[in-house]
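Throughout, residue positions are numbered sequentially from 1 according to the sequence presented. Excluded from the calculations below are hydrogen atoms, water molecules and symmetry mates; all remaining heavy atoms, backbone and side chain alike, are included. Read the numbers this way: they start at 1 and go in the same order the structure lists the ligands and their atoms.
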Amino acid sequence: MASYENLRYEVDGFIATITIAREKALNALNRHTLNELTWALREADGDARVRAVILTGAGDKAFVAGADISEMVEQGATEARGFAQAGRAVGDVLENLSKPVIAAVNGFALGGGTELALACDFIYASDRAKFGQPEVNLGVIPGFGGTQRLPRRVGLARATELILTGDIIGADEALRIGLVNKVVPAAELLAEAKKCAEKIASKGPLAVAYARRALRKSVELTLSAGNDLEGELFALLFATQDQKEGMKAFLAKRPAKFEGK
Ligand code: DAK
């Protein structure tokens with residue numbers, strides 16, 4: 001298992017938990033942390049023990065308070081390009097992972113923090129979570145997919161209002177507009193996220209991976225192309241042991257033992 005400077009990577013049963021741990025800067029994302037995040041997500045993807053991932057922030061104050069402003073402030077175009085590439089790599093690895101990632105948002109998720117959570121499959125939030133895209137306050141715009149993923153999640157008008165005002169919203173409002181799936185008391189957040197991750201981990205891992213892929217593509221493809229992809233992935237699962245095991249177990253009235261093969 002790799003060791004990281006600004007992250008913790010822990011595996012318990014089928015679940016990997018990646019904790020962004022730069023508490024002194026409210027877990028703000030500097031370039032090194034973005035790189036480590038890409039490496040840790042790749043590690044989880046390649047880890048045969050892992051079937052689902054939880055991404056969270058250290059401490060009880062922040063998930064991620066955004067990209068690291070102290071690192072960005074004096075960046076020239078070359079450094080900004082490097083920073084952007086590091087951010088893009090995290091988005092790409094999250095997009096293409098073979099395992100689902102639940103964001104457990106435990107506090108401030110601002111700017112790059114909201115965007116990072118949005119790049120995960122879905123969000124569970126503590127009742128103390130706060131979301132927002134305050135980049136306009138800094139004279140910039142979201143740079144980690146916020147203008148693209150937020151309207152897909154909450155609708156164009158709500159996303160436009162949030163991004164142009166820089167307003168910060170609480171967990172209940174985030175739930176109301178569909179930004180998060182569930183809000184729970186802070187002390188129960190990780191346990192709730194884990195319960196959901198374990199439920200997913202009990203299913204056929206290849207079915208989960210293919211369903212995730214089809215779902216991710218659904219926002220990019222026409223209905224016809226999306227249905228084509230779904231049909232191909234559905235058929236491909238009939239070449240797996242898990243499909244035989246799942247259906248035989250149903251007929252034998254016993255729990256299935258999936259191996260991801
Ligand atoms: N960056 C660096 N340090 C941060 C930080 C951040 N985003 N947020 C907080 N900190 C640091 C503070 O400077 C402070 O450090 P010390 O003074 O103790 O050394 C420490 O964390 C504690 O913060 P506060 O003292 O401010 O704590 P408060 O409780 O008073 O306030 C707050 C909490 C979250 C409301 C406040 O810290 C705040 O407003 N933070 C900034 C939030 C923000 O504007 N975030 C958006 C940043 S812009 C890109 C990808 C992504 C992005 C850009 C490009 N590419 C791929 C191109 C994203 C941009 C952003 O996220």
**Report entry** Residues R176, D172: salt bridge by 4.0 Å N-O rule
**Finding:** no

**Report entry** E192/K182 salt bridge by N-O under 4.0 Å criterion
**Finding:** yes

Identify all side-chain donor-acceptor contacts of residues 254-261 below 3.5 Å with residues at least two apart in sequence or on another chain.
{"from": "R254", "atom 1": "NH1", "to": "E245", "atom 2": "OE2", "distance (Å)": "2.8"}
{"from": "R254", "atom 1": "NH2", "to": "E245", "atom 2": "OE1", "distance (Å)": "3.2"}

Report task. Name all residues meeting the ring-ring contact (aromatic ring centres under 6.0 Å, His included) criterion together with F250; count only those two or more places apart in sequence or in a different chain, and write none if there are none. Result -> none

Requested in this report: Name all residues meeting the ring-ring contact (aromatic ring centres under 6.0 Å, His included) criterion together with Y124; count only those two or more places apart in sequence or in a different chain, and write none if there are none.
Outcome: F122

Once you restrict both partners to nitrogen or oxygen, which atoms of ligand 1 have a protein partner under 3.5 Å, and how far apart are they?
{"from": "ligand 1", "atom 1": "1 (N)", "to": "A67", "atom 2": "O", "distance (Å)": "3.4"}
{"from": "ligand 1", "atom 1": "1 (N)", "to": "I69", "atom 2": "N", "distance (Å)": "2.9"}
{"from": "ligand 1", "atom 1": "7 (N)", "to": "A65", "atom 2": "O", "distance (Å)": "3.0"}
{"from": "ligand 1", "atom 1": "7 (N)", "to": "A67", "atom 2": "O", "distance (Å)": "3.0"}
{"from": "ligand 1", "atom 1": "21 (O)", "to": "K24", "atom 2": "O", "distance (Å)": "3.4"}
{"from": "ligand 1", "atom 1": "27 (O)", "to": "K61", "atom 2": "NZ", "distance (Å)": "3.4"}
{"from": "ligand 1", "atom 1": "29 (O)", "to": "K61", "atom 2": "NZ", "distance (Å)": "2.6"}
{"from": "ligand 1", "atom 1": "45 (N)", "to": "A65", "atom 2": "O", "distance (Å)": "2.9"}
{"from": "ligand 1", "atom 1": "55 (N)", "to": "G143", "atom 2": "O", "distance (Å)": "3.4"}
{"from": "ligand 1", "atom 1": "61 (O)", "to": "A67", "atom 2": "N", "distance (Å)": "2.7"}
{"from": "ligand 1", "atom 1": "61 (O)", "to": "G112", "atom 2": "N", "distance (Å)": "2.8"}

Query raised in the report: Are E95 and R149 ion-paired here, with the side-chain N under 4.0 Å from a carboxylate O?
Result: yes

